[in-house]
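To start, the structure itself, in structure tokens.
The structure presented is a predicted model; accordingly, all values stated were derived computationally and were not measured. The basis for the numbers below is simple: all heavy atoms, side chains too, and nothing from hydrogens, waters or symmetry mates. Note on naming: letters A, B, ... go to the chains in the order of the sequence lines (proteins, then strands), and numbering restarts at 1 for each one.
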Amino acid sequence: ALYSNIATRKAEATQTVFKVVELTEGTINAAEWGKNFPRQYDTYKRTVDIERTRHGGSDAFQKLDDDPRWRVLFSGYAFGVDYREERGHAYMLSDQDTTERVTDFKQPAACLHCHSSIIPAYYKAGLEAGVPADEAHRQEAIMKGFEKVCAMPFAEGRKLVDHPVSCVDCHDPDTMALRVTRPGFLNGIKVLAKSSDPLPHLPSVERWRSGDRAREYDPNIDASRQEMRSMVCSQCHVEYYFKGEGKLLTYPWQYGLKVEQIEDYYNDVQWKDWTHKVSGAPVLKAQHPEFEMWSQGIHARSGVSCSDCHMPYVRDGAVKVSDHHVRSPMLNVARACQSCHRYDEEEIKSRVATIQDRTQKLMIRAEEATVALIKAIEAAKTAGASDNDLAKPRELHRKSQWRLDFVAAENSMGFHAPQEAARILGESIDYARQGEIEAIKVTPGGGARVSMVAPINPIQ
Amino acid sequence: ALYSNIATRKAEATQTVFKVVELTEGTINAAEWGKNFPRQYDTYKRTVDIERTRHGGSDAFQKLDDDPRWRVLFSGYAFGVDYREERGHAYMLSDQDTTERVTDFKQPAACLHCHSSIIPAYYKAGLEAGVPADEAHRQEAIMKGFEKVCAMPFAEGRKLVDHPVSCVDCHDPDTMALRVTRPGFLNGIKVLAKSSDPLPHLPSVERWRSGDRAREYDPNIDASRQEMRSMVCSQCHVEYYFKGEGKLLTYPWQYGLKVEQIEDYYNDVQWKDWTHKVSGAPVLKAQHPEFEMWSQGIHARSGVSCSDCHMPYVRDGAVKVSDHHVRSPMLNVARACQSCHRYDEEEIKSRVATIQDRTQKLMIRAEEATVALIKAIEAAKTAGASDNDLAKPRELHRKSQWRLDFVAAENSMGFHAPQEAARILGESIDYARQGEIEAIKVTPGGGARVSMVAPINPIQ
Amino acid sequence: MATSRRNRVVAGVVLSVMVGVLSGAAAFTFAYAEGTSYLSNDPAACMNCHVMREHHDGWSKSPHHAFATCNDCHVPHDLVGKYTAKAVHGWRHSKAFTMQDFHEPIRITPGDLKLVEQNCVRCHSSLVGDLPGHGGIGGNDVNCVHCHAGIGHGAPR
Ligand SMILES: [Ca+2]
Ligand SMILES: [Ca+2]
């Protein structure tokens, strides 16, 4: 019966790839691609759905109301005004348009790199900048245009794009093969490949390193398909900063992907995101280091890609397709996890909850320690401590807040690398409390009681 | 040669156990059991082997020389004099005899519970205490004798035993079934079962809880074979203290197995292991909480038992036998890990190293924080702070050292539960630095610089 | 590298068969160790070696039990390939079983895994046929067992 069952499904199967329209590098509109690949397009459209999970999901609530400590931690910076839970890909462009970080603050068009289907715009800008229009110079034109657009004011660049991430950003229109299109990532991974940070989870990089290095590492040439299943995501789900006057979007991977390696880079180039309004410290802002955190985890180490969990195969009649409804795997445990983990859904959810709750508890501890440090510096300043006195406490504020934010801004609440997330928070706490100590020591007349401790009945 | 060789293989396949000697509850000598079970006995004898691993192994080096911070942390306590890396089961009794913690300090015979094959001695002492000698009262006699022996001085109890852990401690002599014999565990697990700490990794306890609770939880009746494969080890590889004048060996599980639950229990009963010589704090000593730490990890959650990794099956011809050479799985990766993890030996070792190195780095951070706290309290005292002033710093010393030692005394360097170990260390650091702050605040004239921070070039 | 190992073994087989015909010793070994079991399609044949028992037990509990025998997955399905592979397995396993010199736990060779996955696709092409590169074959591809680990005889755990 089953065999005949399969046979009847076979007919259905052959309908899938049917070239209705020609697709080119210029075809940004996903609906066009949808004509050739209706199943993937159907799921892609579903990224508009709104559903909450214990620690994630797609309900764009205001994180600053959810945990007001962040208003203190971000004080003096745009993130202290509007910082929301992120949601589905369908919203990426409109959410960027409407965030107060854009409406109330000056931003460069570099922002658009990860919020729109922007490659054709880069290409055009490259040609205008004088790069020859032939196929041989295509990539050069894109990279040139990238530089040009990064430097524009947001509003000006915004006119060049009109579509959130689309098929062409991850797929070659001729072969449908995965590919990396984002200049930011192409530059970043090149630099990373040259670093000495061991990357066992990216075998193609290790292979390139042990080769003659005649040319630079290029994911579109070197990476395996399984690596591509993560790299297409890592085009955007990474830590970044805008380099120099040209606001060139840059991924800080020169020394490696770990939190302290990125910090070393920022220290070298004397980078700060802003000066903290209360403490006066030159602080850093971490942004969605999913790729960096995932890289430290056991899943990456085991060759498990972003797509394995966030775009699992779904059986659609007689064919399997990758679920393009990119979302929290907790909304799709059966497909995202159970093919590899044979536990029932409730069990899997509770394992994730254990990891995430542990991370959150420690994270709140780190938030309280860092807020206590900020208050201690404020107290010292009020009591008359000099900038010179405050140099060390501020330096420690920079270190503790960078580590805290690295875990907080990462969107899996520690799941992507549970032990690493806890280690980072432990260091954050250490630096925050050390800073508090330094601040108290430079406080004329000794600091007032700034940190609270829950008492237990002392034993004698 | 070849065909006769194959003939042997086929013979082995059908080989069964020959009962050469009668085994009874009184048969302590492993050699006797070895006559019936030569394969297991051969491997059991190998626990005399000495081999070091990156973070473990069986070379009994002096831990206090390896990391002198522990002399400060343990100051005023026996562990500050002699504390070694543990080794194979064969040494358990002789190592106890020769440790300076026994030769230079007064210890109770309660110590012998986990270092010798002691059940017959307990039984005998129970009879002498008047419990009837019939089979029905056997367990009662053992429990009674356990109380009696715990109360004896070490030297007196030592005369009653002469063999390290033996077959009879884990096996029923008639059926060879696994069983738990240790009174300390039988009492402890009963109390744990009554607690509200969720124990998804011990299904038989959850089953008992949801039942009528007509009788108390009894592992020898309720536990599954797979649970037994961990419980036989958890007879000894657990945190403990000696309760009251009778020095009754007790496992502190009334509120659960987590570090803070055990702490709550010790606070309730106002327990301290000693008064720290430098800080004057009423501190706790953690001891090999392998069972407690394993319980928080993903392996326990997945039903992976101690024996799966420390006594893996080895194929001896056609029959599979449990490797009774209990040791570090890093010395036996193929059998201990590869049956479940399809990676080559080098890869598996480097995954373990990543987890353990991370733990160790954070642990040293916690050691430094706790030592800094001890110094800060000392400074405050010297400057004239009163016991009343020092109450809070000392309370925080108790909390930070308990957490630090819980990870340090656990013997897997974090492997049994990587994220939990890091979380515990993060809390230890927080309490230590908070204590330092409290100490400085009560230091007349403000504390001297007691904590050091590596400087980075400050950014303006 | 896996294939070169295979070639060497093939050569070994051919040679040994010739030698076997002459001396009979190798042939006897091969036969006595049920190397010939490989010529059968009956899973029980694999059971002639205790070291295959667990895989058989796992298989008999797996969903595939109803649809696929050992050989459906573990040997190619063109006639020549089938018997070459069986000879290769038969010889390698018999030798290993006799010498007891193989790595445990037993692991599939890269070459044989490739072969197995060709069989996955042979049966499931209707379902996976459209997946890019889903020959599921090594190298730049995503292997079936990356996600369907233990599909044949239950997950290792
Ligand atoms: Ca979200
Ligand atoms: Ca040891």
Side-chain angles (χ1 to χ4, degrees), chain B residues 1-16 39 43 201 225-226 229-230 297-309 311-323 329 331-349 351, chain C residues 1-2 16 19-20 23-37 47-58 90-91 93-110 112-113 116 143-157:
Chain B
L2 272 184
Y3 69 81
S4 57
N5 186 323
I6 290 170
T8 7
R9 297 266 161 275
K10 300 192 126 202
E12 279 164 352
T14 54
Q15 176 170 326
T16 47
R39 290 188 169 95
T43 53
H201 65 301
R225 169 180 167 190
Q226 184 61 14
R229 288 168 54 87
S230 293
I298 200 74
H299 281 108
R301 187 81 192 233
S302 306
V304 185
S305 72
C306 314
S307 309
D308 288 331
C309 300
M311 295 184 67
Y313 291 110
V314 289
R315 209 172 44 76
D316 186 346
V319 284
K320 287 205 163 183
V321 304
S322 299
D323 185 351
L331 298 170
N332 190 17
V333 170
R335 258 103 189 183
C337 318
Q338 286 180 327
S339 55
C340 294
H341 297 286
R342 317 183 59 85
Y343 313 106
D344 62 48
E345 182 152 341
E346 277 324 298
E347 170 63 14
I348 286 176
K349 282 185 168 161
R351 287 179 186 210
Chain C
M1 138 237 131
S16 67
V19 174
S23 72
F28 178 73
T29 300
F30 182 70
Y32 189 68
E34 273 96 0
T36 48
S37 327
M47 282 277 283
N48 283 317
C49 288
H50 48 73
V51 291
M52 294 291 104
R53 206 176 288 150
E54 279 168 21
H55 304 87
H56 185 277
D57 295 349
W91 170 254
H93 302 178
S94 304
K95 183 192 136 296
F97 184 68
T98 307
M99 301 307 192
Q100 293 286 302
D101 61 352
F102 53 91
H103 176 277
E104 289 190 277
I106 293 169
R107 283 291 177 258
I108 196 161
T109 60
D112 288 344
L113 181 54
V116 165
N143 301 327
C144 306
V145 289
H146 171 61
C147 299
H148 299 291
I151 189 67
H153 2 78
R157 52 175 183 272

Fill in: Non-hydrogen atoms of C:Glu104 and B:Arg315 that approach each other most closely
OE2-NE, 2.7 Å
Worksheet item: How many angstroms lie between CG in B:Asp344 and NE2 in C:His103, if you round to the nearest 0.5 Å?
Response: 9.0 Å
Practice prompt. Measure the shortest side-chain to side-chain distance between B:Lys320 and C:Glu54 over non-hydrogen atoms and say whether it is less than 4.5 angstrom.
Written response: yes
Worksheet item: For C:Pro105 and B:Ala334, which heavy atoms make the closest approach, and how far apart are they?
Response: CD-O, 3.3 Å
